Amino acid sequence: TRRSSHLQKKTLNEILKDCKSGKMMNRLVQGDVGSGKTAVAAAAIYTAVKNGHQAAMMAPTEILATQHAETLAEFFKGTGITVVMLTGSMRAAEKRRAYDLIATGIADVVVGTHAIIQDAVEFYDLAFVVADEQHRFGVEQRAKLAAKGNNPHMLIMSATPIPRTLALILYGDLDISVIDELPPGRKPVKTYAV
């Protein structure tokens, strides 16, 4: 819809403004499933890679990581951007190949599970990090991922609607962007206290 694309552009502009500010970005993007959070993250990743850096996207499950890797590979088709996947269930030889692609900078974008914060993983130039579903990643995991780069910008995506006041308590260290347009055809959720 026109409104949601306006909100996506607004959110992307907030992200890019953060990245240009000279300070490390810490931003939470909230939006329902289908609101376009991944498209916004992909545009930001594209910008980071085209500026000569690496980006990483961490998902809480292998299924989600696989979906994100496929989505990003589709988004970046024909752009020359290389997407590499890294998960715990990969065979040792596959992991070694992924480690090599990541360390040499051939991998522009690395998508995976907690496997990407293991000690064996060394990035060539990690500057932009996306973590999906914030509530499954603690501050410690975010710090471990940030330590893989030189203070990379951090974007956290969550589909869990959190009231703004509670979000400030839980994620006081984060700036917040909201894409609150419902996807087309989605019926609003009705909540009752009994």
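This one's a predicted model, so the numbers in the text were calculated from it and none came from an experiment.
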Rounded distance (nearest 0.5 Å) linking atom [atom1] of [X] with atom [atom2] of [Y]:
X      : Y      : atom1 : atom2 : result
Met58  : Ile156 : CE    : CD1   : 9.5 Å
Lys148 : Glu122 : NZ    : CD    : 7.0 Å
Leu86  : Thr113 : CG    : OG1   : 6.5 Å
Ser21  : His153 : OG    : NE2   : 6.5 Å
Phe123 : Leu145 : CZ    : CG    : 6.5 Å
Ile116 : Ile102 : CD1   : CD1   : 8.0 Å

Which residues share a side chain to side chain contact (heavy atoms under 4.5 Å, CB included) with [X], sequence neighbours left out:
X      : answer
Arg97  : Leu101
His68  : Thr38, Met57, Ala59, Leu64, Val111, Asp132, Met157
Ala127 : His53
Thr104 : Asp100, Ile106

Between [X] and [Y], which heavy-atom pair has the shortest distance, and what is it?
X      : Y     : answer
Ser158 : Leu28 : CB-CD1, 4.1 Å
Thr87  : Met90 : N-SD, 3.2 Å
Ala115 : Gly88 : CB-N, 3.7 Å
Ser89  : Glu62 : OG-OE1, 2.6 Å

Val49 side chain near Phe76 side chain, heavy-atom distance below 4.5 Å: no

Is there a path from [X] to [Y] through hydrophobic residues (I, L, V, M, F, W, Y) whose side chains come within less than 4.5 Å of each other?
X      : Y      : value
Leu126 : Val110 : yes
Val84  : Ile117 : no
Phe128 : Met85  : no

Set of residues satisfying salt bridge (Lys or Arg N to Asp or Glu O under 4.0 Å) with respect to Lys10, sequence neighbours excluded: Glu14

Stepwise side-chain contact (heavy atoms from CB on, under 4.5 Å) check, Lys23 with Asn151: CA-CA 9 Å; Lys23 293 197 290 283; Asn151 285 330; over 6 Å; no

Leu155: which of Asn26, Ile15, Val129 passes side-chain contact (heavy atoms from CB on, under 4.5 Å): Ile15

Residue pairs involving residues 76-96 (criterion salt bridge (charged side-chain N to carboxylate O under 4.0 Å, His left out); sequence neighbours excluded): Glu74-Lys77

Check: Gln54 side chain, Tyr124 main-chain N or O, donor-acceptor pair, under 3.5 Å: yes

